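A short write-up of the structure that comes next.
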Amino acid sequence: MAYSDRGLRCRHVSIVEHPPEIIGLLREAGFYHAAQTLNFRIDAALVSALVERWQTETHTFHLTCGETTITLEDVALLLSLPINGHKVIQQTSSLGSDVCAELLGVVPPTEQRKAQNITLTWLEETFGMLSYDASQRQIECYARAYILRLIGCVLMQDMSQNRVHLKWLPLLRDFTEAGRYSWGSACLATLYRSLCRASNKDMKNISGSMILLQSWAWYKISSISPGTRAIVSFPLVRRWAHIEVDDDSRINKHNVKIYRQFKIERKTFSWTDLYGLRLHH
């Protein structure tokens, strides 16, 4: 399939650091480590080149060195999302004002909703700061809103680029129960679907977890990853948390033509587990 010089548009992650008051709830729900993957810039040229190598029939990348794919182990170690537990089966009915009032403590205005989606902008503005004297209910509502933003911005972005579906919200009603879901499986399945859609040469955007895709490529293909002296810590994606990636397609490496021509030899690709590493938690 010919892609010419297509460069997919990828959403850049932008989410504030969580307040300390919700750390316990994030841990309980299984999102604490994933919430450490902030300030991560996406190389759209690298993403575009990887999509060109994606095979929709097998859900694998066909690289010059062989065939490979992203696994649940990768999700667990790169993002530290739980990969065991219940299937993430979303509720798609009765997702109106009542569920928002109950679980967020506030109902988004009509202009900030579209069908069963709410805008990430509204979530950011409404839950920007947590009051120092917040009640337990307010803290819990804030934590749910934060997780929704994490899902919509980082883990399971959709094609809208600025909305998140309310289907996730009922799963966060009970934080202990939320921690029993396999969020990592949902994240990986969403990325697989996104890669398949983006493989259509007429597509201009890509959704899903770009952090997972890019960090996987950087760990597996060290010759294209930015150099860093950061201590290896958990989740592994934190290694590049504050590295700036220049998106200008005129700059050498961050050019889809350069990535497309890049030859990956078998000896330079990490075929074994990522991860015989001593981690600093």
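Keep in mind it's a predicted model, so treat the numbers as computed, not measured. Computed from heavy atoms alone, side chains included, the values below leave out hydrogens, waters and symmetry copies.
- Here the CD1-CG distance, from Ile70 to Leu78, works out to 8.5 Å after rounding to the nearest 0.5 Å.
- Side-chain contact between Tyr219 and Ser225 is absent, with no heavy atoms from C-beta onward closer than 4.5 Å.
- Note that the CG atom of Leu50 and the CD1 atom of Ile224 stand 6.5 Å from one another [nearest 0.5 Å].
- Defined by atom type and a distance below 3.5 Å, a donor-acceptor pair is present between the side-chain atoms of Arg113 and Ser97.
- Using a 4.5 Å heavy-atom cutoff, the side chains of Gln36 and Tyr32 are in contact.
- Within the 4.5 Å cutoff, side-chain heavy atoms of Trp54 are placed close to those of Tyr192.
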- Task: For Glu52 and Tyr259, run side chain to side chain contact (heavy atoms under 4.5 Å, CB included): C-alpha distance rounded to whole Å, both residues' side-chain angles, the deciding distance at 0.1 Å, then the answer.
- Result: CA-CA 10 Å; Glu52 292 179 10; Tyr259 282 125; over 6 Å; no
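- Salt bridge present: Glu177 and Arg180 bring a charged side-chain N and a carboxylate O closer than 4.0 Å.
- Put simply, the side chain of Glu124 reaches to within 4.5 Å of the side chain of Arg149, judged on heavy atoms.
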- Take Tyr146 and Leu172 through the test side chain to side chain contact (heavy atoms under 4.5 Å, CB included) and record every step on the way to the result. CA-CA 11 Å; Tyr146 191 89; Leu172 304 174; over 6 Å; no
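- Using modelled atom types and a 3.5 Å distance limit, the side chains of Thr60 and Gln55 yield no donor-acceptor pair.
- Paired with Ser194 under the rule side-chain contact (heavy atoms from CB on, under 4.5 Å), one option of Ser209, Ser207, Ser199 passes, and it is Ser207.
- Between the side chains of Ser160 and Asn162, no donor N or O sits under 3.5 Å from an acceptor N or O.
- Using a 4.5 Å heavy-atom cutoff, the side chains of Met156 and Arg193 are not in contact.
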- Check the pair Phe175 / Arg144 against side chain to side chain contact (heavy atoms under 4.5 Å, CB included), numbers first and verdict last. CA-CA 9 Å; Phe175 290 93; Arg144 294 188 189 100; 3.6 Å; yes
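- Using a 4.5 Å cut-off on side-chain heavy atoms (C-beta onward), Ile83 and Trp183 make no contact.
- Listed by chain and residue number, nothing satisfies the ring pair (Phe, Tyr, Trp, His ring centres under 6.0 Å) test with His62 (two or more places apart in sequence, or in another chain).
- Aromatic ring pairs are classed by plane angle as parallel below 30°, tilted from 30° to 60° and perpendicular above 60°; the pair Phe127 and Tyr142 is perpendicular.
- Two residues are said to be in side-chain contact when any heavy atoms from C-beta on lie closer than 4.5 Å; Trp168 and Val88 meet this criterion.
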